[in-house]
Amino acid sequence: MYKIFTASDFVYELKKNIFKCNHSVQLFITEFDLLALSNEIIELLPTERTIDIVISSVNQKKSLRLVNLFNRIVQSGGTVYWNENHDLYQNAVHFMILDKTFVINKSDHYAGESSEEKIKYLNNLFDNFRLSSNQIKLITGDISIKLEAEKTFVEKNKYVKIKWEVENAHRVSFGNSKEELEHSDEMEILIKDDTVVKLEAENRETKQSKQLIIKVLKSNAVEITVEALDETLEEYLVLKGSGFQNEEYYAFQGQRIRLSWSIDTMGNFSEKVIGDLPLEGEYFFFLIHKTTYEFTYDSIYGTQKNRIVINPVEEKLEGDEEIHHKERKTLFGLAKVFSRFKKKRKHS
């Protein structure tokens with residue numbers, strides 16, 4: 001029994017009917033159709049069914065997501081080809097053939113009178129597309145990883161830029177992370193403690209990794225961390241300082257702010273308005289207006305002063321110019337100011 005029809009919703013019909021195959025699936029589809037159908041294809045691959053896919057495209061550009069999907073399909077026994085043909089793409093000459101007897105079309109482009117003749121024509125057309133296309137093959141051989149950090153010794157709660165370049169791999173990720181990375185990229189990471197950055201890459205034959213260590217400098221200096229509460233994430237996010245000596249900070253008006261510090265040496269620590277403070281502690285408040293704190297630390301090494309200025313900003317300024325921060329806007333009906341300190345260390 002031969003059956004062929006043109007679908008008004010092509011992807012929907014593919015998803016609905018692909019599991020009806022008993023032996024083989026032949027797909028001549030766009031990369032977007034493939035991504036939409038990826039879960040169904042991955043589910044079919046462990047079975048004994050044969051899956052041949054020819055991707056119809058207008059160029060040779062392939063996204064990282066697409067390349068990774070290709071590798072999963074090929075690793076599981078499917079075959080993938082890339083066909084660059086502008087006319088076929090524009091005319092939507094795309095279809096699925098199940099067991100060489102059942103065809104779902106995206107558009108009416110076939111020859112023949114009967115369903116059997118039409119399906120025979122599309123089978124031959126698919127074979128010709130496959131022969132004239134480039135087969136996608138798994139990457140093999142040695143993997144090259146280059147991983148660098150702009151600094152490997154930094155002060156606590158500072159951002160460090162890292163960058164990497166990976167060659168001859170089909171998947172790149174940080175250790176213990178499922179998120180796939182670009183093969184060449186850079187990013188900033190917040191260093192709170194000694195940190196090991198591990199980059200992993202793999203191809204068909206091998207898996208390699210490279211790591212670097214970023215150490216936090218121990219210092220007699222007083223480091224005050226400024227954080228703002230993101231209510232959506234339910235966690236405090238470290239703010240980056242700006243201006244002269246990085247003493248200026250910005251957060252959304254009404255946002256809950258946390259100042260925290262930990263001083264390893266003996267001495268006296270205080271703030272101009274708050275008064276005496278423990279050598280390890282936290283201070284919380286809601287940001288209603290521009291707020292300035294002046295901290296003083298007296299020790300055998302001398303006197304150190306820290307000035308913190310936190311500026312409130314609206315989510316949008318005049319002219320809809322947006323202020324971009326990692327922290328989302330949080331509004332409070334009633335502002336309250338309070339502090340909470342950790343257990344005071346013993347001093348002698």
Side-chain angles (χ1 to χ4, degrees), residues 1-63 66-140 170 204:
M1 176 71 71
Y2 294 93
K3 182 180 179 181
I4 181 170
F5 74 93
T6 301
S8 58
D9 188 333
F10 185 58
V11 171
Y12 171 79
E13 293 296 341
L14 295 189
K15 287 175 171 284
K16 179 181 176 182
N17 290 281
I18 192 169
F19 291 102
K20 294 181 179 179
C21 73
N22 295 312
H23 306 288
S24 67
V25 179
Q26 294 167 294
L27 290 161
F28 183 67
I29 56 178
T30 69
E31 59 191 275
F32 307 105
D33 296 334
L34 177 66
L35 290 172
L37 200 63
S38 60
N39 291 335
E40 287 74 14
I41 292 173
I42 295 301
E43 186 175 343
L44 272 175
L45 281 169
T47 68
E48 295 183 357
R49 300 176 181 92
T50 300
I51 300 180
D52 296 311
I53 304 169
V54 179
I55 300 299
S56 172
S57 181
V58 294
N59 54 48
Q60 290 294 326
K61 186 176 181 180
K62 305 172 185 68
S63 68
L66 198 63
V67 171
N68 290 326
L69 177 57
F70 288 164
N71 281 286
R72 290 186 66 185
I73 293 172
V74 175
Q75 279 183 315
S76 300
T79 55
V80 183
Y81 303 83
W82 190 270
N83 183 283
E84 183 181 345
N85 189 306
H86 190 274
D87 291 336
L88 292 173
Y89 188 93
Q90 292 298 323
N91 291 311
V93 185
H94 305 131
F95 51 85
M96 176 176 73
I97 306 173
L98 302 180
D99 299 328
K100 297 192 179 295
T101 58
F102 180 26
V103 171
I104 299 175
N105 260 313
K106 182 180 284 187
S107 59
D108 295 325
H109 285 275
Y110 43 73
E113 295 294 332
S114 66
S115 295
E116 180 179 1
E117 289 175 334
K118 294 172 183 177
I119 291 176
K120 182 180 178 181
Y121 168 77
L122 288 175
N123 271 283
N124 291 333
L125 195 63
F126 183 86
D127 289 338
N128 289 333
F129 290 159
R130 184 172 53 183
L131 291 173
S132 61
S133 304
N134 298 319
Q135 185 175 357
I136 304 296
K137 297 182 179 180
L138 287 177
I139 298 172
T140 60
H170 71 258
R204 183 182 182 184

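This chain uses plain numbering: 1 for the first residue, then up along the sequence.
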Peer 1: Closest heavy-atom contact between Ile18 and Leu98?
Peer 2: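 Closest approach of Ile18 to Leu98, heavy atoms only: O-CD2, 4.2 Å.
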Peer 1: Take atom CZ in Phe19; do more than 12 heavy atoms of anything else shown fall under 6.0 Å from it?
Peer 2: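 Result for CZ/Phe19: enclosed.
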Peer 1: Mind listing the closest non-hydrogen atom pair of Lys100 and Ile97 along with its distance?
Peer 2: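 Heavy atoms only, the tightest pair is CA-CG2, 3.5 Å.
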Peer 1: So Phe32 and Val11, do their side chains get closer than 4.5 Å, heavy atoms only?
Peer 2: no
Peer 1: As an exercise, state the distance from CG of Leu44 to OG of Ser76, rounded to the nearest 0.5 Å.
Peer 2: 11.5 Å
Peer 1: Just wondering, more than 12 heavy atoms not from Arg49 lying within 6.0 Å of its CZ?
Peer 2: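 Result for CZ/Arg49: enclosed.
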Peer 1: In Å, rounded to the nearest 0.5 Å, how long is the span from CD of Glu13 to OG1 of Thr6?
Peer 2: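 Answer rounded to 0.5 Å: 11.0 Å.
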Peer 1: Let me confirm one number: the CD1-OH distance from Ile55 to Tyr81, rounded to the nearest 0.5 Å.
Peer 2: 12.5 Å
Peer 1: With the side chain counted from C-beta on, respond yes when Lys106 and Asp33 share a heavy-atom pair under 4.5 Å apart, and no when they do not.
Peer 2: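 Side chain of Lys106 against side chain of Asp33, heavy atoms only: contact under 4.5 Å found.
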Peer 1: I need the minimum non-hydrogen distance between Leu45 and Ile73, along with the two atoms involved.
Peer 2: CD1-CA, 3.7 Å
Peer 1: Would the number of heavy atoms belonging to other residues, nucleotides or ligands and lying under 6.0 Å from CD of Glu48 be above 12?
Peer 2: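 For Glu48, atom CD is not crowded (no more than 12 foreign heavy atoms under 6.0 Å).
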Peer 1: Test side-chain hydrogen bond (donor to acceptor under 3.5 Å, both in side chains) on Ser133 and Asn83 and set out the steps.
Peer 2: CA-CA 5 Å; Ser133 304; Asn83 183 283; 3.1 Å; yes
Peer 1: Write down the atom of Ile104, the atom of Phe10, and the distance for their closest heavy-atom approach.
Peer 2: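 Closest heavy-atom pair between Ile104 and Phe10: O-CE1, 3.6 Å.
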Peer 1: May I ask you to test the Leu37-Lys15 pair for a side-chain heavy-atom distance under 4.5 Å?
Peer 2: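 Yes. Closest side-chain heavy atoms under 4.5 Å.
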Peer 1: Measuring from atom CG of Asp52 to atom OG1 of Thr79, what distance do you get when rounded to the nearest 0.5 angstrom?
Peer 2: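 Those atoms lie 3.5 Å apart.
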Peer 1: Just do the side-chain hydrogen bond (donor to acceptor under 3.5 Å, both in side chains) check on Gln75 and Asn71 with the steps written out, would you?
Peer 2: CA-CA 6 Å; Gln75 279 183 315; Asn71 281 286; over 6 Å; no
Peer 1: So do Ile42 and Leu69 actually touch side chain to side chain, heavy atoms under 4.5 Å?
Peer 2: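 In short, these two side chains touch, coming nearer than 4.5 Å.
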Peer 1: Do Gln26 and Asp127 have side-chain heavy atoms sitting under 4.5 Å apart?
Peer 2: yes
Peer 1: Return the CH2 to CD1 distance between Trp82 and Ile53, rounded to the nearest 0.5 Å.
Peer 2: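 With rounding to 0.5 Å, CH2 (Trp82) is 12.0 Å from CD1 (Ile53).
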Peer 1: Check the surroundings of atom NZ in Lys20: do more than 12 heavy atoms from other residues, nucleotides or ligands lie under 6.0 Å from it?
Peer 2: yes
Peer 1: Test Leu34 against Leu27 for side chain to side chain contact (heavy atoms under 4.5 Å, CB included), laying out the working first.
Peer 2: CA-CA 9 Å; Leu34 177 66; Leu27 290 161; 5.6 Å; no
Peer 1: Quick one, Gln60 and Asn134 - any side-chain contact, counting heavy atoms below 4.5 Å?
Peer 2: yes
Peer 1: Is the ring pair Phe28/Phe95 parallel, tilted or perpendicular, if the boundaries are 30 and 60 degrees?
Peer 2: tilted
Peer 1: Tell me, do Leu122 and Ile119 make a side-chain contact under 4.5 Å, heavy atoms counted?
Peer 2: no
Peer 1: Can you name the closest pair of heavy atoms from Lys62 and Val67 and give their distance?
Peer 2: CB-CG2, 3.9 Å
Peer 1: Do you know the tightest heavy-atom contact between Val74 and Ile136?
Peer 2: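 For Val74 and Ile136, the tightest heavy-atom pair comes out as CG2-O, 3.9 Å.
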Peer 1: So how far is it from His94 NE2 to Leu88 CG, rounded to the nearest 0.5 Å?
Peer 2: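 Rounded to the nearest 0.5 Å, the NE2-CG separation comes out at 6.5 Å.
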Peer 1: Can you tell me if Asp99 uses its side chain to pair, donor with acceptor, with the backbone of His23 under 3.5 Å?
Peer 2: yes
Peer 1: Do the non-hydrogen side-chain atoms of Ile29 and Met96 ever get within less than 4.5 Å of each other?
Peer 2: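 Side-chain contact under 4.5 Å: no.
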